[in-house]
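Dropping the structure in here first, questions after.
We use all heavy atoms of the structure for the numbers below, so side chains are in, but hydrogens, waters and symmetry mates are not.
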Amino acid sequence: MTHVLVTGGAGFIGSHVVEALAARGDEVTIVDSGHPGAHRAPLPDSVAGIPLRLVDVRDGTALEPLLAGVDVVVHQAAMVGLGVDLDDLPEYVGCNDLGTAVLLAAMARRGVGRLVLASSMVVYGEGAYACDRHGPVRPAARRIDHLAAGRFEPGCPHCGHALAWLEIGEDAPLDPRSVYAATKLAQEHLSAAWARQTGGSVAALRYHNVYGPRMPKDTPYSGVAAIFRSALEAGTAPRVFEDGGQRRDFVHVRDVAAANLAALDATAAPAGWRAFNVASGRPATVGEMAAGLALAAGGPEPVVTGEFRLGDVRHVVASPARAEAELGFRARIGLAEGLAEFAHAPLRG
């Protein structure tokens with residue numbers, strides 16, 4: 001039996017990870033701070049029958065004793081999403097980066113040598129692209145005047161020609177383009193430094209667009225699927241930004257939980273740091289996802305608004321090959337099946 005400490009264990013993804021661990025009989029310790037960016041209602045006393053400890057990972061005094069006897073930490077606790085504005089910046093850095101640093105220092109003192117880190121596809125910035133004249137290229141950040149004029153597709157940095165999107169692999173250059181993205185990349189760097197200095201093992205799981213039951217609703221930190229779902233629940237049309245053609249990989253939360261267990265169970269878990277895309281391998285546009293969700297919910301069709309957020313990127317499509325080859329993980333839930341469930345599943349207040 002493995003003893004696993006799950007941070008953020010009452011949250012959207014964390015609670016599904018806890019359920020999966022409990023279902024197979026692992027010993028689980030759960031901590032969560034109940035941060036208002038993720039929780040508006042009071043935290044439950046337990047998750048999957050396991051007592052919940054109200055602990056902020058920035059509080060090393062409260063956190064460190066809970067690491068006694070722990071074999072591996074699954075670190076889910078984080079502020080997510082683009083947030084409201086730059087006033088959120090200190091809280092993002094505090095929760096995500098200071099919190100991770102405190103956790104890693106406590107793990108080193110307690111001799112806990114394995115970490116599964118919830119990272120994100122946002123560390124890539126834009127996805128992978130190719131120009132038919134210049135081959136693989138990395139486009140510059142999209143300009144606000146182009147976005148305002150409805151020019152959403154990034155162009156070749158050499159000739160301005162239209163680009164084709166490609167699958168992005170874990171060895172691609174990293175280029176975070178929002179505060180949240182910068183903090184997730186910092187988590188990766190901090191955990192890599194920890195692994196080098198301690199001889200520990202880190203699996204950094206770069207989640208793509210996760211959706212499913214218990215997503216938080218009606219907050220500026222919610223994912224796009226939850227925002228659309230909340231609109232449909234209120235009887236209003238989902239508002240799709242840009243032209244709806246942004247391409248993503250939507251992966252169901254139970255598949256994400258399975259990826260965490262696969263990372264825990266990997267027989268080849270050598271000392272060091274390794275990143276893995278966690279994705280379905282079946283990309284779709286945001287407009288297609290919104291339309292599928294509206295159809296499943298029996299609600300109004302989406303409205304394409306042309307609005308944009310400067311921190312958003314255009315296309316990020318994952319290669320799931322490494323996770324399958326090295327962790328034995330492959331997503332099982334297709335988008336149509338997942339949306340049919342999600343359309344009527346409870347959200348978290």
Review point. Side chain of Thr2, backbone of Val4: donor and acceptor closer than 3.5 Å?
Key: no
Practice item. State whether the side chain of Asp255 and the backbone N or O of Arg332 hold a donor-acceptor pair below 3.5 Å, judged by distance alone. Key: yes
Practice item. Please indicate whether Arg151 has more than 12 foreign heavy atoms, meaning atoms of other residues, nucleotides or ligands, lying under 6.0 Å from its CZ. Key: no
Review point. Passes side-chain contact (heavy atoms from CB on, under 4.5 Å), Ile144 versus Phe308? Steps please.
Key: CA-CA 9 Å; Ile144 193 167; Phe308 61 88; 3.9 Å; yes
Check your understanding: Do the side chains of Gln187 and Asp97 get nearer than 4.5 Å, heavy atoms only?
Key -> yes
**Study point:** Residues in side chain to side chain contact (heavy atoms under 4.5 Å, CB included) contact with Arg24, at least two apart in sequence or another chain
**Key:** Leu21, Asp26, Leu261, Leu264, Asp265
Check your understanding: For the side chain of Asp32 and the backbone of Ala10, is there at least one donor-acceptor N/O pair under 3.5 Å apart?
Key ->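 Answer holds: yes.
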Practice item. Locate the shortest heavy-atom distance separating Gly244 from Thr285; write the atom from each residue and the value. Key: O-CB, 3.3 Å
Check your understanding: Taking the side chain from Tyr129 and the backbone from Pro154, do they hold a donor-acceptor pair closer than 3.5 Å?
Key ->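 Flag not set: sc Tyr129 to bb Pro154 has no pair under 3.5 Å.
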Exercise for review: Over all heavy atoms of both residues, which pair between Asp71 and Met1 is shortest? Give the atoms and the distance, please.
Suggested key: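 Smallest interatomic distance, heavy atoms only, reads OD2-O, 4.2 Å.
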Practice item. Count the heavy atoms of every other residue, nucleotide or ligand shown that sit under 6.0 Å from CG of Asp145, and state whether that count exceeds 12. Key: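 Result for CG/Asp145: enclosed.
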Review point. Under 3.5 Å, is there a donor-acceptor pair between the side chain of Ser15 and the main chain of Phe12?
Key: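 Yes; judged by distance alone, with no hydrogens or angles, the pair exists.
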Exercise for review: Could you pull out the closest heavy-atom pair between Leu117 and Ser191, with the gap in Å?
Suggested key: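 Heavy-atom minimum between the residues: CD2-OG, 3.7 Å.
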Practice item. Output yes when a side-chain donor or acceptor of Gln246 lies under 3.5 Å from a complementary backbone atom of Phe241, and no otherwise. Key: yes
Exercise for review: Kindly work out whether a path of hydrophobic side-chain contacts (I/L/V/M/F/W/Y, heavy atoms less than 4.5 Å apart) joins Leu174 to Ile168.
Suggested key: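 Shared cluster, yes.
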Point to revise | Pair Arg248 + Glu288, salt bridge at N-O below 4.0 Å | key: no
**Study point:** Stepwise side-chain contact (heavy atoms from CB on, under 4.5 Å) test for Met107 and Leu115
**Key:** CA-CA 9 Å; Met107 289 174 65; Leu115 175 70; 4.1 Å; yes
Point to revise | Verdict with supporting geometry, Glu242 and Glu153, side-chain contact (heavy atoms from CB on, under 4.5 Å) | key: CA-CA 10 Å; Glu242 301 186 19; Glu153 293 288 344; over 6 Å; no
Exercise for review: Could you tell me whether a side-chain N or O of His252 sits under 3.5 Å from a main-chain N or O of Gly212, the two making a donor and an acceptor?
Suggested key: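 Such a contact is absent between His252 side chain and Gly212 backbone.
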**Study point:** Leu232 with Met215, same ILVMFWY side-chain cluster at under 4.5 Å
**Key:**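 In one cluster: yes.
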Practice item. Applying side chain to side chain contact (heavy atoms under 4.5 Å, CB included), name anything that partners Ala296, two or more places apart in sequence or on another chain. Key: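 Expected list: Ala343.
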Point to revise | The single option from His208, Glu167, Arg322 passing side-chain hydrogen bond (donor to acceptor under 3.5 Å, both in side chains) against Asn277 | key: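 Going through the options one by one, the only one that passes is His208.
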Review point. Is there a side-chain contact between Leu295 and Glu301, using heavy atoms and a 4.5 Å cut-off?
Key: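 The answer is no, as the side chains (C-beta and beyond) never meet within the 4.5 Å cut-off.
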Check your understanding: Is it true that Arg314 and Glu126 make a salt bridge, defined as a side-chain N closer than 4.0 Å to a carboxylate O?
Key ->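 No, Arg314 and Glu126 are not salt-bridged.
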Review point. Can you name the closest pair of heavy atoms from Ala20 and Ala257 and give their distance?
Key: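 Scanning both residues, the minimum pair turns out to be CB-CB, 4.4 Å.
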Practice item. Spell out, as yes or no, whether a donor-acceptor pair under 3.5 Å connects the side chain of Lys184 to the backbone of Asn96. Key: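 Flag not set: sc Lys184 to bb Asn96 has no pair under 3.5 Å.
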Exercise for review: Would you confirm whether Asp59, through its side chain, and Val55, through its main-chain N or O, come within 3.5 Å as a donor-acceptor pair?
Suggested key: no
**Study point:** Check: Gln76 side chain, Val6 main-chain N or O, donor-acceptor pair, under 3.5 Å
**Key:**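 It does not hold such a pair.
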Check your understanding: Do the non-hydrogen side-chain atoms of Pro213 and Glu341 ever get within less than 4.5 Å of each other?
Key -> yes
Review point. Would a hydrophobic clustering, with Ile, Leu, Val, Met, Phe, Trp and Tyr connected at side-chain separations under 4.5 Å, put Met121 with Trp165?
Key: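 No, no single cluster joins them.
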Check your understanding: Taking all atoms of both residues into account, what is the closest heavy-atom pair of Val202 and Ala195, and its distance?
Key -> CG2-CB, 4.0 Å
**Study point:** Shared hydrophobic cluster for Leu166 and Val316 (ILVMFWY, side-chain gaps under 4.5 Å)
**Key:**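 No, because Leu166 and Val316 fall into different hydrophobic clusters, even though each may have its own neighbours under 4.5 Å.
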**Study point:** Electrostatic pair Glu188:Arg206 at N-O distance under 4.0 angstrom
**Key:**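 Looking at Arg206 together with Glu188, the answer is yes, because their closest N to O distance falls below 4.0 Å.
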Review point. With a 4.5 Å limit on heavy-atom distance, are the side chains of Cys131 and Leu163 in contact?
Key: yes
Practice item. Begin with the C-alpha distance, continue with both residues' side-chain angles, and end with the deciding distance and a verdict on side-chain contact (heavy atoms from CB on, under 4.5 Å) for Tyr180 and Met79. Key: CA-CA 8 Å; Tyr180 170 57; Met79 280 186 71; 5.9 Å; no
Review point. Do the ring planes of Tyr211 and Phe342 sit parallel (below 30°), tilted (30 to 60°) or perpendicular (above 60°)?
Key: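 Ring orientation, 0 to 90° scale: perpendicular.
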Exercise for review: Return the minimal non-hydrogen interatomic distance between Pro139 and Pro157, and the atom names on each side.
Suggested key: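 Result for this residue pair: CA-CD, 4.3 Å.
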Review point. Should Val224 and Val304 be regarded as members of a common hydrophobic cluster, given that ILVMFWY residues are connected when their side-chain heavy atoms come within less than 4.5 Å of each other, either directly or indirectly?
Key: yes
**Study point:** Steps toward side chain to side chain donor-acceptor pair (under 3.5 Å) verdict (His16, Arg214)
**Key:** CA-CA 9 Å; His16 285 273; Arg214 299 200 293 272; 3.3 Å; yes
**Study point:** Single hit among Ile13, Val251, Asp249 for side chain to side chain contact (heavy atoms under 4.5 Å, CB included) with Tyr207
**Key:**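 The residue from Ile13, Val251, Asp249 that satisfies side chain to side chain contact (heavy atoms under 4.5 Å, CB included) with Tyr207 turns out to be Ile13.
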Check your understanding: Who pairs with Leu98 by side chain to side chain contact (heavy atoms under 4.5 Å, CB included), at least two apart in sequence or on another chain?
Key ->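 Per chain and number, Leu98 pairs via side chain to side chain contact (heavy atoms under 4.5 Å, CB included) with Arg58, Val102.
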